[in-house]
Peer 1: 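The structure follows.
Computed from a prediction, not measured in an experiment: that's the story for all the values here. Each ligand, and each atom within it, is numbered from 1 in the order the structure gives.
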Amino acid sequence: MVEKCISLLKQRGVTLEDIAECVVYLQSKYYSDLTMDMAMESVMAVLNKREVQNAILTGIFLDMSAENGTMEEELRDLLMRDEGLYGIDEVMAYGICNLYGSIALTNYGYIDKVKPLIIGKLNTKGAQCNTFLDDIVGAISASAAGRLAHNK
Ligand code: MG
């Protein structure tokens, strides 16, 4: 299942390195000797949780269904426009962060606002629908960073 999630993320343009870079971005101020290897290890620990895998599968499925039109028209319109008041993409992100406590939640709020690195790229409008994907990547990064903060 984790392999399936990693390949789905890759298919949608997100590598594990992209996520690890976001973790370093979030933590480097508090954790000066944090390496990409440590960030990557924390990303893998988050990805190994079943609930995180379920969120990845569900979110990417919804993005892809919006893209290929196999979705109710009104909902499709919301997802294709990435309507700001839709909000369910963020709720799914909280679902991931909740597994890692309040540091993960505040990290997510921050990274969702600033949109650095891959999260910024996912947010620039293209043919691909990333309404759920950007929040999922943000939540995984935020959780992996929160995990490092707790284990320090
Ligand atoms: Mg979104």
Peer 1: Between N68 and T70, do the side chains contain an N or O donor and an N or O acceptor separated by less than 3.5 Å?
Peer 2: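 The criterion, which ignores hydrogens and geometry beyond distance, is satisfied for T70 and N68.
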Peer 1: Assess whether a salt bridge exists between K49 and E51, defined as any Lys/Arg side-chain N lying under 4.0 Å from an Asp/Glu carboxylate O.
Peer 2: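 No, K49 and E51 are not salt-bridged.
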Peer 1: As a test of reading the structure, name the N/O/S atom of D89 that is nearest the Mg ion (ligand 1).
Peer 2: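 The atom in question is OD2.
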Peer 1: Below 2.8 Å, any N, O or S contact between N130 and the Mg ion (ligand 1)?
Peer 2: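 No, outside the cut-off.
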Peer 1: If you have a sec, read the angle at the Mg ion (ligand 1) from T131 atom O over to D134 atom OD1, to 10 degrees.
Peer 2: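 Roughly 70°, rounded to 10°.
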Peer 1: Is the Y94 ring parallel, tilted or perpendicular to the Y108 ring (thresholds 30°, 60°)?
Peer 2: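 Ring orientation of Y94 relative to Y108: perpendicular.
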Peer 1: Just wondering, do I19 and V14 contact through their side chains at under 4.5 Å, heavy atoms?
Peer 2: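 They are in side-chain contact.
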Peer 1: Give the name of the N/O/S atom in D135 that lies closest to the Mg ion (ligand 1).
Peer 2: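 Of all N, O or S atoms belonging to D135, OD2 is the one nearest the Mg ion (ligand 1).
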